[in-house]
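Before we start, here is the structure in question, set down as structure tokens.
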Amino acid sequence: MLIIGEKLNSAIPSVRQIINDKDAAAVQDLARRQVRAGADYLDLNTAHCNEVADMEWLVRTVQEVTDVPLCIDSTVGEAIKKGLETVKGDKSKVLINSISMEKKRLEEVLPLVLEYQCPVIGLTVDDNGIPKTAKDRIKITEHLVETLTRKNYDLSNLYIDPLVLPLAVNHTNATMFFQCLTDIKRLFNVKTVSGLSNISFNMPKRKLINRYFLAICMANGMDAAILDPLDRKIMTAVTTADLLLGNDRFGKNFLKAYRKDLLED
Amino acid sequence: MLADTLSKAMAELEEEQVLEQVKERLGGGVAPLAIVKTLQEGMVEVGNRFQSGEYFLSELIMAGEIMKGAMDILEPHLSGESGEHKGTIVIGTVKGDIHDLGKNIVIMLLKGSGYNVIDLGVDVPKEKFVEALQETKAPLVGMSVLLTSCQEAMKETIEAIRGAGLDTRVIIGGNYIDETVKNHVGADYYATSATDGVKVAAEVFGA
């Protein structure tokens with residue numbers, strides 16, 4: 001499974017601080033540690049800082065120490081544009097996080113996706129908000145797929161995020177999400193992605209819930225996850241679930257991780 | 001430590017690197033047999049790591065698959081030289097026993113070390129052993145057994161081989177086997193691990 005490292009997000013107070021302080025060493029340390037832990041992508045978010053200017057700084061600072069592709073995380077077209085312009089190397093590897101069927105997002109972000117032919121995360125939300133049912137989320141997915149197909153976009157680069165809602169609000173929110181994953185994989189030639197922490201909002205032992213949620217998502221066809229690769233237990237869950245799902249030929253990755261002492265019970 | 005990058009890639013189970021380097025060396029004019037030998041050195045290391053507990057069974061199987069993939073590339077270039085294995089060994093699990101894991105592991109290592117291995121499968125009657133040995137004239141036969149109740153079958157098979165006038169060396173393998181069992185059934189060697197089996201083969205074939 002594709003791992004998008006979530007640490008460099010300005011929603012985290014300590015990260016917001018190091019971005020505001022322009023503490024390059026601290027940012028680069030977080031970047032390097034996530035890569036070493038197995039991140040395939042590094043998510044960059046500066047929404048809680050001086051978004052556009054700081055995105056430029058963050059991209060440049062991170063790329064000084066790693067070649068791992070970046071995931072530009074913003075709702076603002078201007079910030080994504082600045083990020084893309086700043087990225088050196090193959091810009092078509094950048095994962096844009098995200099578009100949706102909201103009119104403003106489509107207008108601002110879609111042209112950038114098409115210009116650079118980047119992979120992109122598509123949220124199942126439109127101007128009416130996040131739908132309550134799996135059926136309505138599939139409908140939005142269909143609209144997104146149609147919109148991108150009309151523009152000759154390569155759908156295998158589209159990562160649909162069916163938006164998980166807290167279990168605390170409705171005890172069937174997880175099963176509804178699993179249903180979305182299964183249906184999307186069955187109906188469309190696209191990929192799926194999710195964050196993990198919403199599911200456990202306002203519950204105790206959140207990491208426990210997140211970990212099992214991840215494993216069940218993977219079993220239902222999730223292709224990528226936005227998570228904290230520095231959390232050894234969640235990475236252990238990824239490695240183990242990949243082994244069980246037949247994604248790890250001869251268990252090579254699992255056994256390698258075992259020998260490196262990366263697996264935690 | 002392995003010095004050659006191809007042996008090392010084999011030992012590290014880096015499949016893509018192995019196949020790439022095999023093609024590269026072939027293209028660069030390296031003798032196919034020399035490449036096989038280099039791969040075998042990596043295979044021996046895999047066997048050692050399995051023996052020491054560092055590698056697990058699935059990695060041993062993967063090594064076999066990588067070796068197979070490499071041989072698929074090399075075989076067309078080995079024509080004329082293809083007879084140049086270290087020798088033929090016949091192996092089977094004796095009558096009454098259907099365990100094949102240990103047998104398959106030792107076969108993988110023997111093939112990786114350059115032997116031509118004839119695998120008779122499991123639950124093999126003594127006549128079949130004799131027939132295969134007469135046909136191949138293999139100097140070494142291996143019998144695998146896990147069930148203690150099959151000791152007599154092993155003894156009878158060895159008697160049948162001797163009775164047919166064959167002086168084939170006999171090695172028996174299985175985790176409960178020891179000197180006493182070896183003497184009781186009339187075998188020449190015994191092994192309780194796959195790598196011990198390979199050592200005996202080296203001794204018999206002087207390889």
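Order of the sequence lines fixes the chain letters, A, B, ..., with proteins taken first and strands second; residue numbering starts at 1 for each chain.
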Practice problem: Sort B/Glu14 into side chain, backbone, both or neither according to what part of it lies under 4.5 angstrom from a heavy atom of chain A. | Solution: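 Both parts, backbone and side chain.
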
Quiz item: Roughly how far, to the nearest 0.5 Å, is CD1 of B/Ile66 from CZ of A/Phe250?
Solution: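 A/Phe250 atom CZ to B/Ile66 atom CD1 measures 8.0 Å (nearest 0.5 Å).
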
Quiz item: Considering residues, nucleotides and ligands other than B/Tyr176, do more than 12 of their heavy atoms fall under 6.0 Å from its OH?
Solution: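 Counting neighbours around OH of B/Tyr176, more than 12 heavy atoms of other residues, nucleotides or ligands fall under 6.0 Å, so yes.
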
Quiz item: Is A/Lys256 salt-bridged to B/Glu59, cutoff N-O under 4.0 Å?
Solution: no

Practice problem: Inspect the surroundings of NZ in B/Lys182 and state if more than 12 heavy atoms from other residues, nucleotides or ligands are less than 6.0 Å away. | Solution: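 More than 12 heavy atoms, drawn from other residues, nucleotides or ligands, come within 6.0 Å of this atom.
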
Quiz item: Is any side-chain heavy atom of B/Phe56 closer than 4.5 Å to a side-chain heavy atom of A/Arg259?
Solution: yes

Quiz item: Less than 4.0 Å between a side-chain N and a carboxylate O, is that true for B/Glu15 and A/Arg249?
Solution: yes

Exercise. With a 4.5 angstrom heavy-atom cut-off, could you sort out which part of B/Glu65 is near chain A: side chain, backbone, both or neither?
Key: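 The side chain, not the backbone.
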
